[in-house]
Asker: 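Below: one structure in structure tokens.
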Amino acid sequence: MRGIEYRGVTSVDGPIVVVQRTENVFYNETVCVRDRQGEKRLGRVIDLSEKACVVQIFGNTTGIDLAESSVEFLEKPLELRVGEGLLGRVFNGLGEPIDGYPEIISSKRVNVNGNPINPYSRSYPRDFIQTGISAIDGMNSLVRGQKLPIFSGNGLPHNKLAAQIIRQAKLRNSDEQFVMVFAGMGIKYDVARFFVNTFEESGVLSKVVMFQSLADAPSIERIMTPRCALTAAEYLAFEKGMHVLVVMTDMTNYCEALREISTTRGEVPGRKGYPGYLYSDLAELYERAGKIKGSEGSITQIPILTMPNDDISHPIPDLTGYITEGKIVLDREMDSKGIYPPVSGLPSLSRLMKDGIGDGMTREDHANVSSQLFAAYSKVKSIRNLASIIGEEELSELDQQYLKFGERFENEFLSQGEYEDRTIEQTLSIGWSVLRELPESELFRIKSEYIEKYLHE
């Protein structure tokens with residue numbers, strides 16, 4: 001502890017403590033609050049005025065007495081200890097070890113608030129990441145340095161999909177390995193154990209750094225969890241030259257915590273009660289991903305959010321879609337059919353896919369096959385709507401062929417096992433296989449030389 005200690009606080013409201021304004025206090029400064037028994041609680045400065053200072057406590061405020069409590073300003077922001085020993089460890093949302101082992105041995109501490117990457121210093125993402133999942137690799141390819149969120153719903157298998165991506169992600173034509181940073185915000189205990197057990201069983205835990213803020217943790221801890229995780233990712237990527245894949249779940253819980261704290265502070269609410277700065281707050285996190293010129297390392301982000309009532313126009317997915325470079329949307333109807341992963345073919349997209357695929361990166365026919373699958377599946381959706389009105393027996397022969405294509409596309413291309421790791425060649429081969437259900441005259445988005453080369457294999 002260091003700094004000047006002040007006796008007494010002005011008011012306590014939930015996790016918010018208001019103290020008389022002191023000299024040389026700065027925004028996001030770490031604060032130590034002691035109650036009458038001397039028990040310590042850490043917090044941070046979240047607001048300042050001429051006469052008062054607002055402190056947000058990392059935990060509960062039970063026992064804090066207005067007259068007998070004391071406040072000490074530590075003259076530094078919240079910091080995370082970083083070093084080689086991060087990999088294979090499990091921390092809480094504030095970066096404190098919860099795996100039974102002591103703190104990592106390192107003298108280096110870094111401000112968790114960080115900064116978004118300067119656009120001028122960014123290097124454009126182009127390296128294809130093979131996840132082994134056809135619905136992503138074939139039609140919504142992930143590129144190193146990209147931000148590609150998963151839009152899901154309650155009860156859908158987004159956690160299984162995230163764990164599979166972490167197990168299988170790799171760079172093609174390179175021996176460079178990914179390390180993973182996992183941030184769980186407001187997740188249940190069984191979800192936390194699922195990820196730990198999955199990583200242990202698959203042998204990747206030694207390459208994973210986990211930050212867990214469980215559902216019973218204070219809201220403020222959920223706010224700090226992604227910041228601690230991204231600080232660890234930045235250290236591994238830009239100081240140690242590693243390729244880091246960051247998975248953050250569930251961003252909806254993060255935004256709910258932000259709304260709860262905003263309401264406690266008495267701020268004017270925006271859409272659906274969320275604070276007006278929700279967009280800039282999310283951007284502050286998402287823009288910490290990417291590649292920096294002159295650095296060997298990179299940070300690729302896969303945020304996961306559950307859409308309230310499966311509403312993709314809800315403020316959280318809506319704003320996330322503006323900031324990130326695409327989205328993977330999970331579909332409840334496909335999940336009810338037993339299709340895993342239930343990736344919805346049409347709403348999903350990857351805006352950087354075009355720059356990471358093709359000859360020399362995946363295969364020359366990748367872009368053509370992907371475009372044709374999108375176009376054909378779009379027509380399948382229209383024909384199914386028509387069939388629900390007039391009946392399948394009234395459809396033309398070509399429409400019947402499209403329906404057969406749709407069935408095979410969902411059951412063979414999109415659907416695969418939880419531990420099935422497909423190469424991009426296998427994914428494209430399956431794509432060509434299901435396209436054979438259609439006459440060649442319908443393959444208008446594929447170059448004729450690719451049809452000759454691949455269709456009749």
Asker: Among residues at least two apart in sequence or on other chains, which ones pass ring-ring contact (aromatic ring centres under 6.0 Å, His included) with F58?
Answerer: none

Asker: Between E425 and R363, does any side-chain N to carboxylate O distance fall below 4.0 Å?
Answerer: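 Salt bridge flag = no for R363 with E425.
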
Asker: Which residues pass the ring-ring contact (aromatic ring centres under 6.0 Å, His included) test with F238, sequence neighbours left out?
Answerer: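 F238: no ring-ring contact (aromatic ring centres under 6.0 Å, His included) contacts found.
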
Asker: Would you mind checking if D310 and R332 are paired as a salt bridge, meaning a charged N to carboxylate O distance below 4.0 Å?
Answerer: yes

Asker: According to salt bridge (charged side-chain N to carboxylate O under 4.0 Å, His left out), who are the partners of E221, at least two apart in sequence or on a separate chain?
Answerer: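 Counting only residues at least two positions away or on another chain, E221 forms no salt bridge (charged side-chain N to carboxylate O under 4.0 Å, His left out).
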
Asker: Which donor-acceptor pairs under 3.5 Å do the side chains of residues 199-207 make with protein atoms, sequence neighbours left out?
Answerer:
from: S202; atom 1: OG; to: T198; atom 2: O; distance (Å): 2.8
from: S202; atom 1: OG; to: F199; atom 2: O; distance (Å): 3.4

Asker: With sequence neighbours left out, what residues match F182 under ring-ring contact (aromatic ring centres under 6.0 Å, His included)?
Answerer: F195

Asker: Go through E29 and L48 one step at a time and tell me if the side chain to side chain contact (heavy atoms under 4.5 Å, CB included) criterion holds.
Answerer: CA-CA 11 Å; E29 180 176 357; L48 293 167; over 6 Å; no

Asker: Before giving the answer on salt bridge (charged side-chain N to carboxylate O under 4.0 Å, His left out), spell out for K170 and D421 the whole-Å C-alpha distance, their side-chain angles and the decisive distance to 0.1 Å.
Answerer: CA-CA 11 Å; K170 61 180 72 71; D421 187 358; 3.0 Å; yes

Asker: Write out all pairs satisfying ring-ring contact (aromatic ring centres under 6.0 Å, His included) with one or both partners inside residues 301-351, taking only residues at least two apart or from two chains.
Answerer: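 Listed by first then second residue: Y274-H314.
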
Asker: Give me the atom names and distance for the closest heavy-atom approach of V247 to A162.
Answerer: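 So the two residues come closest at CG1-CB, 4.0 Å.
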
Asker: Specify whether F211 and F91 have parallel, tilted or perpendicular ring planes, treating 30° as the upper limit for parallel and 60° as the lower limit for perpendicular.
Answerer: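 The rings of F211 and F91 lie parallel, inter-plane angle below 30°.
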
Asker: Would you name the heavy atoms of P226 and M185 that are closest together and state the gap between them?
Answerer: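 In terms of heavy atoms, the two residues are closest at CD-SD, 3.5 Å.
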
